2 protein chains.
Amino acid sequence: MESRCENCIVRQFNSLRAMSKDELKQVSDSKTTKKVKKGEPLFEEGEKLNGVFCVRDGVSKLSKLSANGKDQIVKLATKGEVLGQRSVIAEECTNLSAIAVNDMEVCFIPKESINNTLQKNPNFTLEVLRHMAHDLKEADDVIVNMSQKTVKQRIAEAFLYLKNNFGEDDEGFLALTLSREDISNVVGTATESAIRIISEFKKKGLIHTSGKKVGIKNERKLVELVEGF
Amino acid sequence: MESRCENCIVRQFNSLRAMSKDELKQVSDSKTTKKVKKGEPLFEEGEKLNGVFCVRDGVSKLSKLSANGKDQIVKLATKGEVLGQRSVIAEECTNLSAIAVNDMEVCFIPKESINNTLQKNPNFTLEVLRHMAHDLKEADDVIVNMSQKTVKQRIAEAFLYLKNNFGEDDEGFLALTLSREDISNVVGTATESAIRIISEFKKKGLIHTSGKKVGIKNERKLVELVEGF
DNA sequence: AAAAAGAACTGATAAATGTCATATTTTTAA
DNA sequence: TTAAAAATATGACATTTATCAGTTCTTTTT
């Protein structure tokens with residue numbers, strides 16, 4: 001298993017690629033690699049982070065507990081994404097919990113390495129900024145979806161999102177399998193409602209399922225549904 | 001009317017304060033000041049921006065058109081805030097429209113001045129980054145509210161937000177008056193639903209109204225409502 | 001392999017929210 | 001100032017979504 005950041009492919013996908021050789025070396029020397037089992041937290045809402053997590057493998061859900069006791073999943077982070085940036089940059093506690101959706105491998109990078117580079121390497125800072133600008137745009141889109149689309153549309157959209165971002169396995173099921181509860185927490189609805197709508201999609205031939213696995217059968221119709229037909 | 005950025009008080013509230021004297025001078029020399037009447041757009045969703053807008057006076061709503069034809073207001077920006085940053089930084093079209101909620105005075109700063117400083121002044125970049133990190137956190141909170149709170153709770157929260165961020169006039173009405181439609185677009189509901197709930201709040205003595213003006217009468221109860229009693 | 005625990009699912013019903021129609025008030029413009 | 005237009009308000013009703021109760025299926029543990 002490759003363990004030097006300099007050679008890590010994952011880096012291609014995130015802001016670390018804007019680091020200089022020396023900076024990268026420092027990061028590599030100070031980082032620690034960690035395995036996180038499915039269901040375990042990388043960090044919890046309200047924690048103070050001493051660094052960021054770079055996802056090497058697996059998927060993490062970023063969620064926030066609402067007043068009514070339900071988790072709202074705000075984002076799914078996968079290979080190459082850096083978690084905890086926002087909190088380290090703003091020097092605040094995290095506003096979100098990060099929990100492994102499946103077994104993960106992550107690198108922990110102490111905040112000193114990050115802050116150091118942020119102050120010295122404008123290219124890196126700009127790259128991080130661009131990334132955050134992108135995240136902000138996505139968050140705006142989520143806000144609009146949440147408030148203007150029906151639960152049915154949001155679930156359809158979630159399946160399309162999962163297909164586009166995580167792909168399918170050889171049997172045609174979505175490569176990332178979420179529990180019904182997780183799905184309901186992504187779209188912000190009651191678990192029963194999500195289950196009911198998934199059953200309905202199945203009956204209508206939009207998807208097929210096997211246990212908790214879901215496969216997309218009629219993508220076109222799902223797209224139409226999302227767009228409001 | 002003061003017209004040099006160097007002396008503009010508004011600057012205290014935004015990232016421009018991290019600019020050097022020279023940089024600020026350049027900005028000041030290249031900027032143009034503009035009045036925007038209530039209801040007029042600063043820019044529209046999908047436009048390519050050649051710079052950012054610094055709000056000197058008035059309030060702008062940042063909104064996005066949803067597939068069902070309704071505007072979703074994502075943020076209200078007031079004195080000191082810089083609009084269009086995200087789009088200029090990511091070099092993308094805007095994802096939001098900015099429309100004046102009341103008469104505004106804004107400065108337009110060409111993107112060259114911004115980009116120039118972003119590349120040369122890490123402090124400025126970092127300051128912008130911090131700002132964006134903050135915006136992102138707020139956006140996450142909005143997502144959770146939108147998906148986990150009832151319309152009633154969201155309207156109560158909107159009133160409290162308006163009070164905390166824009167204050168009250170001498171008669172005890174919220175200083176920023178939004179139309180019922182704007183309120184419904186902030187909380188993501190049908191205008192009729194918003195009106196109905198506002199009437200209900202009035203009947204229960206939580207607020208008082210006069211025309212479209214709204215005043216908070218029982219803040220405590222509103223807070224309780226938001227928190228789920 | 002059996003028992004226990006946890007997901008997934010279904011039905012019945014209540015509550016929340018949207019839609020459409022229409023009346024009233026307020027604002028705008030002629 | 002008056003007519004027209006736009007915004008606010010309310011009722012009736014349809015639709016969507018949540019809640020609660022219970023069943024079946026899966027997975028985990030012993």
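Everything numeric in this text was worked out from a predicted model, so none of it was measured. So you know, we letter chains A, B, ... as the sequences are listed, proteins then strands, and number each from 1.
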[Y]/[X] salt bridge by N-O under 4.0 Å criterion:
{"X": "B:K75", "Y": "B:D135", "answer": "yes"}
{"X": "A:K61", "Y": "A:D182", "answer": "yes"}
{"X": "B:E200", "Y": "B:R196", "answer": "no"}

Separation of [X] atom [atom1] from [N] atom [atom2], in whole Å?
{"X": "A:K38", "N": "C:dA7", "atom1": "NZ", "atom2": "C1'", "answer": "11 Å"}
{"X": "B:I195", "N": "C:dA21", "atom1": "CD1", "atom2": "P", "answer": "17 Å"}
{"X": "B:I183", "N": "D:dT8", "atom1": "CD1", "atom2": "P", "answer": "8 Å"}
{"X": "B:L225", "N": "C:dA16", "atom1": "CG", "atom2": "C1'", "answer": "14 Å"}
{"X": "B:N68", "N": "C:dT19", "atom1": "CG", "atom2": "P", "answer": "8 Å"}
{"X": "A:E192", "N": "C:dA15", "atom1": "CD", "atom2": "P", "answer": "16 Å"}
{"X": "A:E181", "N": "C:dA5", "atom1": "CD", "atom2": "P", "answer": "18 Å"}
{"X": "B:K149", "N": "D:dA18", "atom1": "NZ", "atom2": "C1'", "answer": "18 Å"}

Exercise for the section: Describe the nucleic acid contact of B:T191 in one word from base, sugar-phosphate, nothing, applying a heavy-atom distance below 4.0 Å. Expected result: nothing

Practice task
Would you indicate what B:T150 reaches in the nucleic acid, counting non-hydrogen atoms under 4.0 angstrom: base, sugar-phosphate, or nothing?
Solution key: sugar-phosphate

Problem - Of A:L49, A:V88, A:I89, A:V52, the residue whose pairing with A:K111 passes side chain to side chain contact (heavy atoms under 4.5 Å, CB included) - result: A:V88

Completion exercise
Output for pair (B:E91 CD, A:R130 CZ), nearest 0.5 Å, gives 5.5 Å

Exercise for the section: Kindly say if B:T189 contacts the phosphate of C:dG18, meaning a side-chain N or O under 4.0 Å from OP1 or OP2. Expected result: yes

Give a yes or no on whether a donor-acceptor pair under 3.5 Å exists between the nucleobase atoms of [N], that is its base, and the side chain of [X].
{"X": "B:R196", "N": "C:dG18", "value": "no"}
{"X": "B:R180", "N": "C:dT25", "value": "no"}
{"X": "A:R154", "N": "D:dT17", "value": "no"}

Handout entry: Heavy atoms from other residues, nucleotides or ligands near NZ of A:K213 exceed 12 (cutoff 6.0 Å)
Key = yes

Exercise for the section: Can you sort out which residues in residues 197-212 of chain B have a heavy atom within less than 4.0 Å of DNA chain D? Ascending by number, please. Expected result: B:S199, B:K212

Exercise for the section: Just say parallel, tilted or perpendicular for the rings of A:F173 and A:H208, cut-offs at 30° and 60°. Expected result: tilted

Practice task
By nearest nucleotide on DNA chain D, pick out whichever of B:L178 and A:A190 is the more 5' one.
Solution key: B:L178

